[in-house]
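Below you'll find the structure, written out as structure tokens, and then a few comments.
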Amino acid sequence: MEQETFHLFLWVMSGIALIVFVALYFVKAGYGIFRTPSWGLSVNNKVGWVLMESPVFIVMLVLWAYSGIGVAFPQFLFLLLFLLHYFQRSFVFPFLMKGKSRMPVAIMAMGIVFNVLNGMMQAGGLFYFNEGVPTGIGLGYLLEPHALIGLALFFIGMGVNLHSDSVVRNLRKPGDTRHYLPQRGMYRYVTSANYLGELIEWTGFAVLTASPAAWVFVWWTAANLVPRANAIYHKYCDEFGAEAVGKRKRIIPYIY
């Protein structure tokens, strides 16, 4: 792939994200609390998450191996951070899930396609078309203000995301199938604190890497999660009442 073709790829992915963003305000993706039989064939939630998330982990590893970057900094650090997130998301998070939820095969398939494309996009931006950050400039890169800010945001976002997932997992006792309104951590400010954490995390990654591809991924993250956060907010208002939801926002504290 030539650099011009890669840039066109980024523009196409950005345009598709815009379509997804608009569409998800009208169609609720049918997983989690929005799963309905109308989404058709489904698989065990744990199996679905592993199959959906692991392709990006594998694609990044394979394309890094073929890139010749090796352990040159800072690109190797970028790889490690990306793989850290997706190792947890692919091989840890699914097995922490409780209950017997299911995931529609259609949702899983769409997730697989996106994650393969995103793996190609991020690997391309970090290892093949990384003119913004020269390879092999060493750990001194981390002394740059934007790199320090990006690294801090990445780990803050990861912390918020992991803690928020833990809060949701512990809302129910064994055998309980009711829905509850999360109250702890960043859920005091937004109804989708786990999504807030993920948005902060990938924004930090984009700031750190200075990669246009990483910024496209931030846009994709927002396009996917902001409309879903809106749907969850209204679901909670309908189920628990506007008074119980209170002044919480959807995904960005005090703003939206």
Side-chain angles (χ1 to χ4, degrees), residues 9-36 39 42 45 48-57 59-60 82 85-86 88-90 93-94 97 101-122 125 153-154 157-158 160-162 164-165 168 182 186-187 190-207 209 211-236 249-253 255-256:
F9 175 43
L10 295 186
W11 279 109
V12 170
M13 288 292 286
S14 298
I16 296 172
L18 177 60
I19 295 170
V20 169
F21 177 75
V22 173
L24 287 179
Y25 270 98
F26 297 95
V27 179
K28 298 179 180 66
Y31 64 95
I33 62 174
F34 297 113
R35 188 179 80 85
T36 64
W39 280 86
S42 63
N45 215 21
W49 273 100
V50 172
L51 293 177
M52 182 173 68
E53 299 288 353
S54 58
V56 70
F57 185 93
V59 168
M60 280 290 284
F82 191 90
H85 173 92
Y86 275 104
Q88 194 278 335
R89 209 65 182 166
S90 304
F93 170 76
M97 290 177 170
S101 298
R102 299 185 67 80
M103 177 184 291
V105 170
I107 294 291
M108 183 185 74
M110 287 186 284
I112 290 171
V113 170
F114 169 74
N115 279 316
V116 169
L117 292 174
N118 191 40
M120 295 169 58
M121 184 167 65
Q122 299 312 311
L153 286 173
F154 180 86
M158 178 177 283
V160 171
N161 183 253
L162 294 177
S164 301
D165 283 344
V168 171
M186 292 304 293
Y187 283 109
V190 294
T191 51
S192 293
N194 49 344
Y195 296 165
L196 167 64
E198 195 158 347
L199 192 56
I200 293 172
E201 186 178 353
W202 292 121
T203 299
F205 188 76
V207 172
T209 62
S211 166
W215 282 110
V216 174
F217 186 26
V218 172
W219 169 220
W220 258 99
T221 302
N224 183 36
L225 298 185
V226 170
R228 186 166 179 85
N230 177 66
I232 289 172
Y233 174 84
H234 288 292
K235 173 78 171 177
Y236 284 163
K249 297 296 184 180
R250 294 159 176 78
I251 188 171
I252 303 174
I255 298 175
Y256 182 78

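These numbers come from a predicted model, not from an experiment.
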Could you tell me whether the side chain of S14 and the main chain of V216 form a donor-acceptor pair under 3.5 Å?
-> no

Without swapping roles, check the side chain of N161 against the backbone of G157 for a donor-acceptor pair under 3.5 Å.
-> no

Can you tell me how far the [atom1] atom of [X] sits from the [atom2] atom of [Y], to the nearest 0.5 Å?
| X | Y | atom1 | atom2 | answer |
| --- | --- | --- | --- | --- |
| I252 | Y195 | CD1 | OH | 14.5 Å |
| R250 | I255 | CZ | CD1 | 13.0 Å |
| T221 | I200 | OG1 | CD1 | 12.5 Å |
| L24 | R228 | CG | CZ | 9.0 Å |

Is there side-chain contact between [X] and [Y], with heavy atoms separated by less than 4.5 Å?
| X | Y | value |
| --- | --- | --- |
| E53 | F93 | no |
| W219 | W202 | no |
| M52 | M103 | yes |
| Y256 | N230 | yes |
| Y236 | S192 | no |
| V56 | F82 | yes |
| Y187 | L196 | no |
| D165 | E198 | no |

Less than 6.0 Å separating the ring centroids of F217 and W220?
-> no

Give me the atom names and distance for the closest heavy-atom approach of [X] to [Y].
| X | Y | answer |
| --- | --- | --- |
| F205 | A214 | CD2-CB, 4.0 Å |
| G197 | V160 | CA-CG1, 3.7 Å |
| T191 | A229 | OG1-O, 4.3 Å |

